[in-house]
Amino acid sequence: MASELKVEQEFSKVIRERRSVRKYDSSWKISDEEIKELLVEATLAPSSSNLQPWRFIVITDQEIKAKLLPIAYNQAQITESSAVIAVLGDTEAYSNAETIYGHAGATGLMPEDVAAAMAKRSREGYSSMPVERLKDIALIDGGLVSMQLMLAAKARGYDTVPMGGFDPAGLKELFQISPRYVPVMLIALGKAAVEGRPTGRLPLEAVAHWNGFRA
């Protein structure tokens, strides 16, 4: 019981101390290996039917960052942070259903016949949805993995800022991104040169409603 309490306290500390940091120590570099570890932890996030539509472009090269800078409206964290991670959502993630559920069946995570049925149901169900609905799902799941990535980074002592201020069309042109992928956000990752400032929150009474809703 004591160890469970300790874990809860540590998580509480992480979520309370996470800040959106916009000024980074440009001399600080995070290794590719550590970034991979963060991304693995991030991808433990939930997704619709476990189709895991997130895709990442990890940008550490300064020349590429310089090209990204105007696309992100010249926000300094693009070039000063250790890495920028572009989070994309795959609107055709259902095409991976057989791979995902086939692995679940082969490794005993679920019976193979159940896995095969779920793969079939997912592919047929999602492929028949309007593209706008598929975009909505990709954006929701992309938001989940992005928040998990930022918390994983803070737990390791790194800082981040989510960035919605960029030109999606410019991003897609720079990296030659297929139309099936929708840009979700950019996340700057590194060590703070200036700590992010605390921000206020609305009181719980203003945002939470029990057994009904009052506008």
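Residues take their numbers from the sequence shown, with the count starting at 1.
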Original post:
Would Tyr181 and Leu134 show up in the same hydrophobic cluster when neighbours are defined by side-chain heavy atoms closer than 4.5 Å?
Top reply: no
Original post:
Roughly how far, to the nearest 0.5 Å, is NZ of Lys135 from CE of Met129?
Top reply: 15.5 Å
Subject >> For Ser82 against Gly190, the heavy-atom pair lying closest together >> reply: OG-CA, 3.7 Å
**OP:** With the side chain counted from C-beta on, respond yes when Leu186 and Ile78 share a heavy-atom pair under 4.5 Å apart, and no when they do not.
**Re:** yes
Subject >> Heavy-atom donor-acceptor pair, Asp141 side chain to Ser48 backbone, under 3.5 Å >> reply: yes
Subject >> Cluster link Trp28 to Val21, ILVMFWY, side chain under 4.5 Å >> reply: no
**OP:** Give the minimum heavy-atom separation between Ala138 and Val184, together with the two atoms involved.
**Re:** O-CG2, 4.2 Å
Original post:
Does Glu195 pair with Arg19 as a salt bridge, N-O distance under 4.0 Å?
Top reply: no
Subject >> Arg55 side-chain N/O to Val87 backbone N/O, donor-acceptor pair under 3.5 Å >> reply: no
Original post:
For Glu173, does the CD atom sit with more than 12 other heavy atoms under 6.0 Å from it, leaving out its own atoms?
Top reply: no
Original post:
What residues form a side chain to side chain donor-acceptor pair (under 3.5 Å) with Glu92, not counting sequence neighbours?
Top reply: none
Subject >> side chain to side chain contact (heavy atoms under 4.5 Å, CB included) evaluation trace for Ile57 with Leu171 >> reply: CA-CA 11 Å; Ile57 305 173; Leu171 181 75; 5.7 Å; no
**OP:** Report, as yes or no, whether the 6.0 Å neighbourhood of atom CD on Glu63 holds more than 12 heavy atoms from other residues, nucleotides or ligands.
**Re:** no
Original post:
Which distance, rounded to the nearest 0.5 Å, do you find between the CD of Gln62 and the OG of Ser26?
Top reply: 8.0 Å
Subject >> Reported CD-to-OH distance for the pair Glu112 and Tyr101, which is rounded to 0.5 angstrom >> reply: 15.5 Å
Subject >> Same apolar cluster: Ile64 and Leu39, side chain cutoff 4.5 Å >> reply: no
**OP:** Take atom NZ of Lys29 as the centre, draw a 6.0 Å sphere, and report whether it contains more than 12 heavy atoms from other residues, nucleotides or ligands.
**Re:** yes
Subject >> Cluster check Ile59, Leu88: I/L/V/M/F/W/Y, side chain < 4.5 angstrom >> reply: yes
Subject >> Value rounded to 0.5 Å, distance of OG1 in Thr91 from CG in Leu139 >> reply: 10.0 Å
**OP:** Decide salt bridge (charged side-chain N to carboxylate O under 4.0 Å, His left out) for Glu10 and Lys13; before the verdict, give the C-alpha distance in whole Å, the side-chain angles of both, and the deciding distance to 0.1 Å.
**Re:** CA-CA 5 Å; Glu10 288 175 351; Lys13 186 171 185 285; over 6 Å; no
Original post:
Would you say Leu174 and Val58 are hydrophobically clustered, going by side-chain heavy atoms of ILVMFWY under 4.5 Å?
Top reply: no
**OP:** Would you confirm whether Ser49, through its side chain, and Leu51, through its main-chain N or O, come within 3.5 Å as a donor-acceptor pair?
**Re:** no
Original post:
Rounded to the nearest 0.5 Å, how far does CE of Met163 lie from OG of Ser81?
Top reply: 8.0 Å
**OP:** Kindly compute the distance separating CG (Leu68) from CD (Gln75), expressed to the nearest 0.5 Å.
**Re:** 9.5 Å
Subject >> Shortest non-hydrogen contact from Glu80 toward Tyr24 >> reply: O-CB, 3.7 Å
**OP:** For residues Ile35 and Thr60, determine if any side-chain heavy atom of one lies less than 4.5 Å from a side-chain heavy atom of the other.
**Re:** yes
Review item, side-chain donor-acceptor pairs of residues 142-155, under 3.5 Å, at least two apart:
from   : atom 1 : to     : atom 2 : distance (Å)
Ser146 : OG     : Gly142 : O      : 2.7
Gln148 : NE2    : Glu41  : O      : 3.1
Lys154 : NZ     : Asp159 : OD1    : 3.3

Original post:
Do the side chain of Lys191 and the main chain of Gly157 share a donor and acceptor less than 3.5 angstrom apart?
Top reply: yes
**OP:** Specify the closest pair of heavy atoms between Lys172 and Pro183, including all atoms of both residues, with the distance to one decimal.
**Re:** CG-CG, 3.9 Å
**OP:** Using side-chain contact (heavy atoms from CB on, under 4.5 Å) as the criterion, list what pairs up with Ser20, not counting sequence neighbours.
**Re:** Arg18, Arg22, Val161, Pro162
Subject >> Minimum heavy-atom distance Phe166-Met185, with the two atoms named >> reply: CE2-CA, 3.7 Å
Subject >> Side chain proximity check, Val84 to Thr79, heavy atoms < 4.5 angstrom >> reply: no
**OP:** Apply side chain to side chain donor-acceptor pair (under 3.5 Å) to Gln52 and Asn50, showing your working.
**Re:** CA-CA 5 Å; Gln52 306 162 51; Asn50 195 34; 3.2 Å; yes
Original post:
Looking only at side chains, do Arg201 and Thr199 share a donor and an acceptor under 3.5 Å apart?
Top reply: yes
**OP:** Kindly give the heavy-atom pair with the smallest separation between Val40 and Thr43, and that separation in Å.
**Re:** O-OG1, 2.8 Å
